[in-house]
There are 2 protein chains.
Amino acid sequence: MSENIFYKLRDDIENGIVTGAFEPGERLDETQLATRFGVSRTPIREALMQLSAIGLVEIRPRRGAIVVDPAPQRVYEMFEVMAELEGMAGALAARRHTEEDSAALLAAHEKCREAAVSEDTDRYYYENEIFHRAIYAASRSGFLEEQCTTLHRRLRPYRRLQLRVRNRMKVSFKEHGEIVEAVLSGDADRAREGLRSHVAVQGDRFGDLVANLSNRERRSGRLG
Amino acid sequence: MSENIFYKLRDDIENGIVTGAFEPGERLDETQLATRFGVSRTPIREALMQLSAIGLVEIRPRRGAIVVDPAPQRVYEMFEVMAELEGMAGALAARRHTEEDSAALLAAHEKCREAAVSEDTDRYYYENEIFHRAIYAASRSGFLEEQCTTLHRRLRPYRRLQLRVRNRMKVSFKEHGEIVEAVLSGDADRAREGLRSHVAVQGDRFGDLVANLSNRERRSGRLG
DNA sequence: ATCCGCCGTCTTGTATACAAAAATCTTGAC
DNA sequence: GTCAAGATTTTTGTATACAAGACGGCGGAT
């Protein structure tokens, strides 16, 4: 089981980034990481190279790697694309879902309900992820599923912040219900629209997002 | 100027892959590449790690890297997603394009016309790429532009094959005209639809694609 | 003759070494 | 006291070394 340390390292560091253990803008010292994980610098560098290729860290020549810190504008753009891709997944899912897809989607929806009624945001956050994954899978497009999963993962920290907003969880669950209905009844257009607006950062939510982002920046002591 | 060899190596190898110098399924020997580029294995490995992260090569533990060889199904799915993203870029471009965007788009369109009337598929292939980049830029979404550029690049070899199909170039140019008109007149829906159907692999084109893919496979001596 | 297993070779994965650039500290001048 | 230039330390980028797994060939058994 000692196969390919750099895979594990990549996942560990990526996880640290999307969960916030490594903060945006933080410098990732190779030697330090090497000691921490008990390996040499070589596999650490290989992991960082992979993360830089998917845009999670930035490698500045001769000056080391830092966790990327996207501007609010950029985060908004990422949600914009995510909304479109999820809408597409919903439309495809409505047309192509199998029996197992339906079962998985309903099961995930039920878990979300439990989390929502018990007002457990952490649990809802977790079950919500499974719900969305069920949609991607039901699209029956492996490539789309991959793209969605990757982007979903990268937006994790921001989504988590968003859920904390008052009432967002209940609204979210209600939207899920409409999405489930549209997908199961094979209504591609409604599924697309449902998911697009569910994911998009519109109206008040845009303000919430920007506010959260600047809070974070103030906390980590950059920005005036 | 001897800074960061692995960037150059990554671009060189990536280029070799999308232009077909390295064939799908081909094994990329680290030592061999190192000798060829006159460097040690270390930067070669770092370049391969990056390419594996974006899905261009596959690293099998202890068995080296190979150029990924997506199944026809997967290539179709990639075009499907590309169509959606380009449609989105078109819709955003229609709403957000600036004066410079219009100028760039018209200029690119004119170059495509020249290539089309002189029936120069190679040149059209090149100008077409610039045309599509102009759309991405006009969307005024840096993230979307990046996603589109990356995917466009990965689909390069297949697009090139497609252009060779009889009359495809002239049809393509005509579709460009409609897209330009929709974008410049600010008609987001028409721009989206125009680009979606322009990029999508539908009807006859699906058969052409599959035929081309299996030709390639037969040529490289795999498959029965 | 064919198939299985063993041994040697080759290749990968990780560690270490070393040079060069960047960051930091020190010292001296104003 | 502050700033700048040089020296020192740290850190990155690349090369090399070495161990362990994968591949291929050879020989023996059936």
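Here is the naming used below: chain letters follow the sequence lines, and residue numbers restart at 1 for every chain. None of the values given here were measured: they were computed from a predicted structure.
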Side chains of A:H132 and A:H152 in contact at under 4.5 Å (non-hydrogen atoms): yes
Grab the CZ-P distance between B:F6 and D:dG13 for me, whole Å please. 5 Å
Please list, chain by chain and in numerical order, all residues satisfying side chain to side chain contact (heavy atoms under 4.5 Å, CB included) with A:R41, sequence neighbours excluded. A:E30, A:T31, A:A34, A:R45
Take the protein atom CD1 of A:I59 and the nucleotide atom P of D:dT14, then report the distance between them rounded to whole Å. 11 Å
Test side-chain contact (heavy atoms from CB on, under 4.5 Å) on A:L33 and A:F22; report intermediate values, then the result. CA-CA 12 Å; A:L33 288 171; A:F22 298 115; 4.0 Å; yes
Gap between atoms CD1 and C1', on B:I66 and C:dT12 respectively (whole Å): 15 Å
For the residue pair A:R123 and A:K111, establish whether any side-chain heavy-atom pair is separated by less than 4.5 Å. yes
Value in whole Å for how far the P atom of C:dG13 lies from CG of A:L9: 14 Å
Separation of atom OH in B:Y7 from atom C1' in D:dG13, rounded to whole Å: 12 Å
Can you check the A:I5 CD1 to D:dG21 C1' distance for me, whole Å? 14 Å
A:R62 atom CZ is separated from D:dT10 atom C1', nearest whole Å, by 13 Å
Residue pair A:V75, A:F79: steps toward the side-chain contact (heavy atoms from CB on, under 4.5 Å) verdict: CA-CA 6 Å; A:V75 176; A:F79 271 106; 3.9 Å; yes
Within a radius of less than 6.0 Å around CZ of B:R96, do more than 12 heavy atoms belonging to other residues, nucleotides or ligands occur? yes
Starting at atom CG of A:L48, determine the distance to atom P of D:dG13, rounded to an integer number of angstrom. 10 Å
OP1 or OP2 of D:dC23 versus the side-chain N and O atoms of B:R63: is any pair under 4.0 Å? yes
For residues 26-45 of chain A, which residues have at least one heavy atom under 4.0 Å from DNA chain D? A:R27, A:D29, A:E30, A:R41, A:R45
